[in-house]
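Note sheet for the following structure.
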Amino acid sequence: MSVFSHLEFDDHEQLVFVRDKESGLKAIIAVHNTHLGPALGGCRMWPYESDEAALTDVLRLSKGMTYKSAIAGLPLGGGKCVIIGDPRKDKSPQLLRALGRAIEGLSGAYITAEDSGTSVADMVTIGECTQYASGVMVGSEHGGDPSPSTAYGVFVGLQASVAYQLNRTDLTGVKVAVQGVGNVGFHLCKYLKAAGAELIVTDIFPENVQRVVSELGAAAVAPDEIYAVQADVFAPCAMGGIINTQSLRQLQAKVIAGAANNQLSRPEISQQLQAQGVLYAPDYVINAGGIIDIAYQRNGGSAAQLKTHIEAIGTSLEQIFQRAEQSGCCTQLVADQIAAERLSQ
Ligand code: NAD
């Protein structure tokens, strides 16, 4: 497995391969960049099909966190952790504590939080062995879980994207296809429903789909049908890499605005989206609500200040869309340029 010559390697400051035989822990921690502050990023647990797939994911995710915090104006760097395993079968307190010890060993260069496959309870367990576990603030509005804030930021960003691309000032009757109705996707659906949008959803877990159908009146389709549904907006809220040449051929929506990290399978897909007349809200800009929430949990600030900071995601996206239109560049590239400018300051 190549590391320094890996396609996704971007001068990451540290890569730590963690193994604990007794608990079965296999994890990779990536610290991408600490120029603006300690590397904060979630811990994902996923049954990767190979070690290479896990490495690729952590390299891309950690870089995305650097850019996310830079654009969101947070004094944080970018890092991420992936645990190779099925969160429904392989997770144990021993495994989480072993990870906590490894994180503690990095002396604060990396601070962990929730991501797909990990919960507030998991962060509490990891936090038994390290002071660098966040998203555990019991007194916060959502008990430490950043997902509702992520969903709110995506909702605000989706509204801004619809206003820009479709010239619609409200979401009444706007059809939104949501891929993945887990922690973020479910909360996003609640915001969308309250705003009058029509929901078409999918998930690989039938019980997650059932919850949105029965509680929010969503229509459901099979996972492989979600791209081709007649929708105004596609909101990816599951895993990354789902915008690729194959899904682009099927995609009907003219706006992509969702929570998933690393939505584009390759950077050049962004140009294809532009050529197809699809407005893409760059993932690390629109899904920053959770990291902003965690930053407020760590550094303090009122609920009103947090809300205002999250709502600035809408303004950031408008600026990116305008700059992209003026320069003829794709939105992803413009976001990367703005993040790079902030990192170099
Ligand atoms: P989650 O695991 O709670 O939800 C993801 C959902 O997607 C699950 O219900 C899963 O069954 C479903 N799914 C997986 N593969 C699928 C597929 N092929 N088709 C349809 N559904 C599928 O995770 P989450 O915390 O809601 O995060 C969702 C995405 O948003 C992830 O990419 C995560 O990295 C990103 N994100 C989350 C946060 C946060 O605060 N939780 C913050 C920023 C970004």
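For this chain, numbers begin at 1 and follow the sequence in order. Order of appearance sets the numbers: ligands from 1, and atoms from 1 within every ligand.
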Atom of Ala257, atom of Ser161 and distance for their closest heavy-atom approach:
CB-OG, 4.2 Å
side-chain hydrogen bond (donor to acceptor under 3.5 Å, both in side chains) filter on Asp203, not counting sequence neighbours, yields none
Is there any side-chain hydrogen bond (donor to acceptor under 3.5 Å, both in side chains) pair reaching into residues 65-75, and which pairs are they, with sequence neighbours excluded?
His32-Thr66, Lys68-Asn261, Lys68-Asn287
Check ligand 1 against the protein and report each N/O to N/O distance under 3.5 Å, formatted as atom name, atom name, distance.
unit_1   : atom_1 : unit_2 : atom_2 : d
ligand 1 : 2 (O)  : Ser116 : OG     : 2.8
ligand 1 : 3 (O)  : Asn183 : N      : 2.9
ligand 1 : 3 (O)  : Asn183 : ND2    : 3.3
ligand 1 : 9 (O)  : Asp203 : OD1    : 3.3
ligand 1 : 9 (O)  : Asp203 : OD2    : 2.6
ligand 1 : 9 (O)  : Asn208 : ND2    : 2.8
ligand 1 : 11 (O) : Asp203 : OD1    : 2.6
ligand 1 : 23 (O) : Ser116 : OG     : 3.4
ligand 1 : 26 (O) : Asn183 : N      : 3.3
ligand 1 : 26 (O) : Val184 : N      : 2.8
ligand 1 : 30 (O) : Ala259 : O      : 3.3
ligand 1 : 32 (O) : Arg44  : NH2    : 3.3
ligand 1 : 32 (O) : Ala238 : O      : 2.6
ligand 1 : 32 (O) : Asn261 : N      : 3.4
ligand 1 : 34 (O) : Arg44  : NH2    : 2.6
ligand 1 : 34 (O) : Asp115 : OD1    : 3.2
ligand 1 : 34 (O) : Asp115 : OD2    : 3.4
ligand 1 : 34 (O) : Asn261 : ND2    : 2.8
ligand 1 : 40 (O) : Thr150 : OG1    : 2.7
ligand 1 : 41 (N) : Ser147 : OG     : 3.3

Give a yes-or-no answer on whether the side chains of Thr118 and Asp115 include a donor-acceptor pair shorter than 3.5 Å.
no
Centroid-centroid under 6.0 Å between Tyr132 and Tyr110 rings
no
With salt bridge (Lys or Arg N to Asp or Glu O under 4.0 Å) as the rule and sequence neighbours excluded, what pairs involving residues 257-273 come up?
Glu8-Arg266, Arg266-Glu268
